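Because the structure is a prediction, the values reported are computed rather than measured.
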Amino acid sequence: MPRHPDIEIYVKNASVESIRSWLEQCFGELPPFKKRGDSQHAKVQGIPIVIVERAAGKEFTSIWFDSAATPWETDLDCAKEASKMLSCQVRCIRSGWEEQQDPDEWWKVDGDEVTAILWKG
């Protein structure tokens, strides 16, 4: 599977503080995040990161890495690490965005368990 041009995951019931702690483990010291409406933005090692609380219902926080230069090749690689480090369920799109793909096909990652699901947000 080719490297994804960006990475986006949805973490369930994880605090922004725990997400930042995980990001510090991945990237080292973080710059301050700038709040814009419901989102928080920062550039870490040249990678724009956006965190949006309650991005999908009340339970899921979106973390978007707007770059191909992340430590992970795919959204699923990132979701697996995040699930283990944050001890929570993480969801991500089943493949990179392609015209023929069903946008409701997702991976649900819970620890070591990875399940294909249909998720309509």
Side-chain angles (χ1 to χ4, degrees):
M1 179 178 288
R3 178 175 277 280
H4 288 183
D6 66 338
I7 301 285
E8 185 172 21
I9 61 171
Y10 291 81
V11 296
K12 185 175 183 180
N13 296 326
S15 69
V16 172
E17 292 77 25
S18 65
I19 291 168
R20 286 185 186 170
S21 177
W22 169 60
L23 292 174
E24 283 180 345
Q25 291 177 33
C26 297
F27 297 103
E29 188 174 340
L30 300 177
F33 277 72
K34 296 177 183 164
K35 194 155 175 71
R36 295 185 201 150
D38 291 338
S39 61
Q40 298 179 41
H41 300 249
K43 192 173 250 188
V44 179
Q45 297 180 5
I47 300 169
I49 300 174
V50 180
I51 299 172
V52 181
E53 292 182 86
R54 294 176 296 283
K58 294 179 183 178
E59 299 177 316
F60 287 92
T61 297
S62 166
I63 309 168
W64 179 39
F65 303 89
D66 188 12
S67 172
T70 67
W72 313 281
E73 297 229 355
T74 68
D75 294 38
L76 182 58
D77 295 332
C78 180
K80 287 177 179 178
E81 180 179 321
S83 180
K84 287 179 185 171
M85 298 303 291
L86 296 170
S87 299
C88 69
Q89 182 187 122
V90 179
R91 295 183 181 185
C92 67
I93 197 75
R94 282 193 55 194
S95 63
W97 289 103
E98 296 176 15
E99 291 284 329
Q100 67 273 19
Q101 295 297 123
D102 183 344
D104 297 330
E105 293 180 350
W106 293 77
W107 291 115
K108 179 176 83 171
V109 181
D110 211 340
D112 290 328
E113 187 176 326
V114 177
T115 309
I117 63 168
L118 289 179
W119 186 32
K120 299 188 187 271

A.B. asks: If you link I, L, V, M, F, W and Y whenever their side-chain heavy atoms are under 4.5 Å apart, who else ends up in the same group as Trp64?
C.D. replies: Val50, Val52
A.B. asks: Could you pull out the closest heavy-atom pair between Gly46 and Pro48, with the gap in Å?
C.D. replies: O-CD, 3.4 Å
A.B. asks: List the residues meeting side chain to side chain donor-acceptor pair (under 3.5 Å) with Ser18, not counting sequence neighbours, and say none if there are none.
C.D. replies: Ser15
A.B. asks: Does anything in residues 9-29 pair up under ring-ring contact (aromatic ring centres under 6.0 Å, His included), and if so which pairs, sequence neighbours excluded?
C.D. replies: Tyr10-Trp106, Tyr10-Trp119, Trp22-Trp72
A.B. asks: Report the C-alpha separation of Asn13 and Cys88 in whole Å, then their side-chain angles, then the decisive distance to 0.1 Å, and conclude whether the side chain to side chain contact (heavy atoms under 4.5 Å, CB included) test is met.
C.D. replies: CA-CA 7 Å; Asn13 296 326; Cys88 69; 5.9 Å; no
A.B. asks: Arg91 vs Ile9, test: side chain to side chain contact (heavy atoms under 4.5 Å, CB included). Steps then yes/no.
C.D. replies: CA-CA 6 Å; Arg91 295 183 181 185; Ile9 61 171; over 6 Å; no
A.B. asks: Which atom pair, heavy atoms only, marks the closest approach of Glu53 to Val16?
C.D. replies: CD-CG2, 3.3 Å
A.B. asks: side-chain contact (heavy atoms from CB on, under 4.5 Å) with Ile7: which of Asp66, Ile49, Ile63, Thr70?
C.D. replies: Thr70
A.B. asks: For residues 108-116, run the donor-acceptor check on the side chains, cut-off 3.5 Å, and write out each pair with its distance to 0.1 Å, sequence neighbours left out.
C.D. replies:
residue : atom : partner : partner atom : Å
Asp112  : OD1  : Lys84   : NZ           : 3.2

A.B. asks: What do you reckon, is NZ of Lys35 surrounded by more than 12 foreign heavy atoms closer than 6.0 Å?
C.D. replies: yes
A.B. asks: To the nearest 0.5 Å, what is the distance between SG on Cys92 and NZ on Lys80?
C.D. replies: 9.0 Å
A.B. asks: Linking I/L/V/M/F/W/Y whenever their side-chain heavy atoms sit closer than 4.5 Å, directly or via other members, would Phe60 and Ile93 fall into one cluster?
C.D. replies: yes
A.B. asks: Taking only residues two or more places apart in sequence, or in another chain, which ones meet Pro31 in a side-chain contact (heavy atoms from CB on, under 4.5 Å)?
C.D. replies: Ala42, Val44
A.B. asks: Measuring from Glu105:CD to Arg94:CZ, what's the distance to the nearest 0.5 Å?
C.D. replies: 5.0 Å
A.B. asks: Sequence neighbours excluded, which residues qualify as side-chain contact (heavy atoms from CB on, under 4.5 Å) partners of Gln25?
C.D. replies: Ser21, Met85
A.B. asks: Mind checking side chain to side chain donor-acceptor pair (under 3.5 Å) for Lys43 and listing every partner two or more places apart, or none if nothing turns up?
C.D. replies: none
A.B. asks: Mind listing the closest non-hydrogen atom pair of Ser67 and Ile47 along with its distance?
C.D. replies: CB-CG2, 3.9 Å
A.B. asks: For Leu30 and Arg20, work out which heavy atoms get closest and say how close.
C.D. replies: CD1-O, 3.5 Å
A.B. asks: List the residues meeting side chain to side chain donor-acceptor pair (under 3.5 Å) with Ser39, not counting sequence neighbours, and say none if there are none.
C.D. replies: His41
A.B. asks: Who pairs with Arg54 by side chain to side chain donor-acceptor pair (under 3.5 Å), at least two apart in sequence or on another chain?
C.D. replies: none
A.B. asks: State which residues pass salt bridge (charged side-chain N to carboxylate O under 4.0 Å, His left out) with Glu24; sequence neighbours excluded, sorted by chain then number.
C.D. replies: none
A.B. asks: Check the pair Leu23 / Phe33 against side chain to side chain contact (heavy atoms under 4.5 Å, CB included), numbers first and verdict last.
C.D. replies: CA-CA 12 Å; Leu23 292 174; Phe33 277 72; 4.2 Å; yes
A.B. asks: Looking at side-chain heavy atoms only, is the closest gap between Asp77 and Glu81 below 4.5 Å?
C.D. replies: no
